[in-house]
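Counting starts at 1 for both ligands and their atoms, in listed order. Values below: all heavy atoms of this structure, side chains included; hydrogens, waters and symmetry mates excluded. Counting from 1, the numbers follow the sequence of the chain as shown.
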Amino acid sequence: MTHQDPSFAPNGKLEDAISLLRHTPEKKSDLPRECPESGLGELATLELLSPYVIGEAAKLDAPEAFANMDPPTPWITWAIALWNARLNQNLLHPATAPFAIKAEQRVFDWLMPFFGMHGGHMCSGSTLANLTAIWAARDSKDVQRVVASQAAHLSIQKAARMLRLPIEVVPASKQGQLDTSQLGDVSDACLVLTAGTTATGEIDPLELIGQARWTHVDAAWGGPLRLSSTHFHKLAGIEGADSVAVSAHKLLMQPKDSALVMFRDPELANSAISFGGGYLTTPNIGVQGSRGAAAISLLATLLALGRAGIAERIDRVMEMANQLAEKLRADENIELLAMPKTGVTVFRPRNFDTDGIHAKLPSGMFSTCVIEDERWLRSVAANPLADIDLIVTTIKEAVRG
Ligand SMILES: *Cc1c(COP(=O)(O)O)cnc(C)c1O
């Protein structure tokens with residue numbers, strides 16, 4: 001006997017969900033305190049939730065949104081997210097995800113040449129991509145420690161702690177670049193270089209690749225610059241790394257959770273991070289077990305926009321960061337840390353009232369960061385729809401008082 005269950009058959013109601021994206025109603029009721037005993041039904045639930053989920057969300061595509069590394073997403077990814085949820089494929093099991101696995105392979109075939117890598121897999125973010133790469137380094141090359149600059153992302157500290165590897169923190173310049181003169185012998189180490197540091201967007205000297213037993217490049221933020229012929233050169237040398245992490249949910253404009261961990265020698269790396277099991281037809285590679293078809297969204301984005309379309313958006317946001325920095329530098333009331341290398345602009349008012357200015361600016365326009373124990377304002381170019389003139393005018397007004 002087959003079951004008729006309307007919760008699995010939307011019968012045209014998905015269109016209502018989509019129209020709620022466009023017209024979000026006012027809040028009518030509070031969220032119930034208790035888990036309801038009997039369900040509200042789908043449409044009533046969507047109407048209840050949309051003022052919260054959609055109404056209260058930060059608008060990452062707003063003209064003033066320039067604070068964080070989270071981009072707005074091209075609408076092709078919304079459509080694929082719906083398809084993916086409908087199908088719920090699991091890349092752990094080839095039988096449930098025949099096309100999703102091919103899609104991931106195709107995306108890697110297309111993107112890996114930009115990084116000189118030869119294999120890898122997707123995972124939910126660069127925190128996991130970094131952990132996976134350092135795990136592969138430890139268990140395939142027996143690295144004894146992790147060496148990274150003080151400006152490296154906290155996920156490097158986490159990975160070292162979880163893997164019980166000692167970590168040596170190398171000083172960085174004020175702009176956040178690893179100070180090569182402070183780097184000792186790394187022949188027994190996994191050296192982590194960052195391409196696009198979180199606080200200031202700096203790029204560590206990639207000439208250091210090749211000195212350590214394993215070099216991992218954390219290109220979570222800066223990696224996609226490789227797709228741009230204007231910015232490609234900034235990551236010159238990355239192709240010599242042993243592994244590279246890129247967050248696709250940053251400059252590749254993917255919905256979370258989407259990142260790539262790539263290896264120069266995937267056979268070697270995978271031998272260290274693969275597990276078989278009675279119920280698995282192929283080994284489980286990496287940290288995650290079940291994982292979704294994030295690759296299909298990335299594949300669709302690359303198909304819809306092309307390499308040039310992605311590069312054009314990346315160039316656009318980098319150019320906006322440049323304009324912002326130029327204009328702030330020309331203002332006598334503002335101190336600019338440095339011209340942005342990867343779209344992160346760091347500055348502060350000369351009267352040092354960083355927090356006061358931050359409070360005056362629209363939320364979403366700036367975040368703050370700490371450099372050498374001092375607070376700075378930081379803006380991050382992830383939104384191709386930003387209005388940089390509006391942003392500059394707003395800052396200048398806030399700083400002038
Ligand atoms: C964002 C970021 C990470 C962490 O990536 P998630 O995708 O947030 O897990 C690691 N390193 C750098 C340099 C980053 O910018």
Donor-acceptor contact below 3.5 Å, side chain Asp185 vs main chain Ser187: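 Here the side-chain-to-backbone pair exists.
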Partner set under side chain to side chain contact (heavy atoms under 4.5 Å, CB included) for Asn383, not counting sequence neighbours: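 Per chain and number, Asn383 pairs via side chain to side chain contact (heavy atoms under 4.5 Å, CB included) with Ala65, Pro72, Leu385, Ala386.
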Pairs flagged by ring pair (Phe, Tyr, Trp, His ring centres under 6.0 Å) wherever residues 353-380 is involved - sequence neighbours left out: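 As it turns out, the ring pair (Phe, Tyr, Trp, His ring centres under 6.0 Å) pairs with a partner in residues 353-380, which skip direct neighbours, are Phe347-Phe366.
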Close residues, ligand 1: non-hydrogen atom nearer than 4.0 Å: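 Contacting ligand 1 under 4.0 Å are Met69, Gly125, Ser126, Thr127, Asn130, His153, Ser155, Thr194, Gly196, Thr198, Asp218, Ala220, Trp221, Ser247, His249, Lys250.
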Test side-chain hydrogen bond (donor to acceptor under 3.5 Å, both in side chains) applied to Ser38 - qualifying residues, sequence neighbours left out: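 None.
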Pair Lys327 + Asp389: basic N to acidic O under 4.0 Å: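 Looking at Lys327 and Asp389, the cut-off is met.
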Enclosure of Arg161 CZ (heavy-atom neighbours >12, cutoff 6.0 Å):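 No - once you tally the heavy atoms of other residues, nucleotides and ligands closer than 6.0 Å, there are 12 at most.
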